[in-house]
Amino acid sequence: QVQLVESGGGLVQAGGSLRLSCVVSGQSLNYYSMGWFRQALGKGREYVASISRFDTTHYEDSVKGRFTISRDNPSNTVYLRMNSLKPDDAATYYCAARFGGVSYRPEDFDSWGQGTQVTVSS
């Protein structure tokens, strides 16, 4: 397993932008597909975006065109660029790693970070 540490969350006005980072340690990021999930108060964990070992990306419909997931294998870092933020995007965002192929289901991921809070004011 790997260890994941997220950062970059904060308070932003609606329409604003944030970039979340997830630093992976313990093994090379090359072997892992990565995902971002979020959980709002009183709701379940929700898939946001994923990126495969080969840089294939996929997004949940509500964030398509606004969010961009990317990875930098040499620095073992995954990013989530979030533009045009809406109040509905407010949640704790979690980075997750899956050894091998990509998935969109939280139960398929092996390792999780502690989360970073995103708050969007209207």
Side-chain angles (χ1 to χ4, degrees):
Q1 282 192 341
V2 292
Q3 293 75 50
L4 293 76
V5 178
E6 303 100 330
S7 62
L11 172 64
V12 64
Q13 286 188 333
S17 298
L18 284 173
R19 189 181 75 161
L20 307 183
S21 299
C22 172
V23 177
V24 178
S25 61
Q27 288 192 33
S28 171
L29 184 59
N30 290 337
Y31 300 116
Y32 290 84
S33 296
M34 301 297 295
W36 285 96
F37 295 81
R38 65 187 180 188
Q39 188 165 13
L41 280 174
K43 296 187 177 181
R45 194 160 294 191
E46 174 186 52
Y47 167 79
V48 175
S50 63
I51 186 165
S52 74
R53 290 175 295 161
F54 310 108
D55 284 341
T56 301
T57 59
H58 182 272
Y59 299 92
E60 191 271 330
D61 285 347
S62 70
V63 308
K64 280 181 183 176
R66 299 189 298 123
F67 290 12
T68 303
I69 188 171
S70 61
R71 61 193 293 155
D72 181 58
N73 287 350
S75 67
N76 264 26
T77 305
V78 179
Y79 301 99
L80 185 68
R81 176 70 179 181
M82 307 186 294
N83 295 329
S84 303
L85 281 161
K86 305 175 182 179
D88 284 350
D89 295 319
T92 300
Y93 282 71
Y94 298 90
C95 176
R98 184 173 193 262
F99 188 84
V102 70
S103 175
Y104 317 132
R105 305 187 309 170
E107 58 267 32
D108 290 339
F109 285 77
D110 309 306
S111 302
W112 292 82
Q114 83 289 349
T116 185
Q117 181 70 40
V118 172
T119 304
V120 184
S121 63
S122 57

Nearest heavy-atom contact between W36 and S21 is CH2-O, 3.8 Å
Show the nearest heavy-atom pair for residues F109 and G35, with the distance to one decimal.
CE2-N, 3.6 Å
Please name all residues satisfying side chain to side chain donor-acceptor pair (under 3.5 Å) with Q3, sequence neighbours left out, ordered by chain then number.
none
Would you list the pairs meeting disulfide (SG to SG under 2.5 Å) in which at least one residue belongs to residues 41-75, sequence neighbours left out?
none
Taking side chain to side chain donor-acceptor pair (under 3.5 Å) as the definition, give me every residue that meets it alongside S33, ordered by chain and number, with sequence neighbours left out.
none
Residues 107-122 vs salt bridge (charged side-chain N to carboxylate O under 4.0 Å, His left out), sequence neighbours excluded, gives R105-E107, R105-D108
Let me confirm one number: the OG-CD distance from S7 to Q114, rounded to the nearest 0.5 Å.
8.5 Å
Any link between V2 and Y31 through a network of hydrophobic side chains (Ile, Leu, Val, Met, Phe, Trp, Tyr) touching at under 4.5 Å?
yes
Quick one, M82 with V12, criterion side chain to side chain contact (heavy atoms under 4.5 Å, CB included). Give me CA distance, side-chain angles, the key distance, then yes/no.
CA-CA 11 Å; M82 307 186 294; V12 64; over 6 Å; no
Summary of salt bridge (charged side-chain N to carboxylate O under 4.0 Å, His left out) pairs that have at least one residue in residues 12-21, sequence neighbours excluded:
none
Among all residues two or more places apart in sequence or in another chain, which pass the salt bridge (Lys or Arg N to Asp or Glu O under 4.0 Å) test with E46?
R38
N/O donor-acceptor pairs under 3.5 Å from side chains in residues 63-74, not counting sequence neighbours:
residue, atom, partner, partner atom, Å
K64, NZ, D61, OD1, 3.1
R66, NE, S62, O, 3.4
R66, NH1, S84, O, 2.9
R66, NH1, D89, OD2, 2.7
R66, NH2, S62, O, 2.9
R66, NH2, D89, OD1, 3.1
R66, NH2, D89, OD2, 3.4
R71, NE, N73, OD1, 3.0
R71, NH1, Y32, O, 2.9
R71, NH1, S52, O, 2.8
R71, NH2, L29, O, 2.6
R71, NH2, Y32, O, 2.8
R71, NH2, N73, OD1, 3.3
D72, OD2, S75, N, 3.3
D72, OD2, S75, OG, 2.4
N73, ND2, N30, OD1, 2.8

Distance, nearest 0.5 Å, that separates OG1 of T92 from CD of Q39:
7.5 Å
With sequence neighbours left out, write down each residue that passes side-chain contact (heavy atoms from CB on, under 4.5 Å) with T116, or none if nothing qualifies.
E6, L20, Y93
Which atom names give the shortest non-hydrogen contact between P87 and A14, and what distance separates them?
CD-CB, 4.2 Å
Are L4 and Y94 connected in the hydrophobic side-chain network, where two residues link if heavy atoms are under 4.5 Å apart?
no
So disulfide (SG to SG under 2.5 Å) across residues 35-122, not counting sequence neighbours, yields C22-C95
Mind checking whether W112 and F37 have parallel, tilted or perpendicular rings, split at 30° and 60°?
tilted
Are V23 and L80 co-members of a hydrophobic cluster defined by side-chain heavy atoms under 4.5 Å apart?
no
Side chain to side chain donor-acceptor pair (under 3.5 Å) filter on S111, not counting sequence neighbours, yields none
Would you please name every residue forming a side chain to side chain donor-acceptor pair (under 3.5 Å) with Y79, sequence neighbours left out?
none
Which pairs with one or both residues in residues 34-81 pass disulfide (SG to SG under 2.5 Å), sequence neighbours excluded?
none
Which atom of Y47 lies closest to which atom of H58, heavy atoms considered:
OH-ND1, 2.7 Å
For R53 and G100, the nearest pair of non-hydrogen atoms, with its separation, is NE-O, 3.4 Å
Please name the pair of heavy atoms, one in L18 and one in L85, separated by the smallest distance, quoted to 0.1 Å.
N-CD1, 4.0 Å
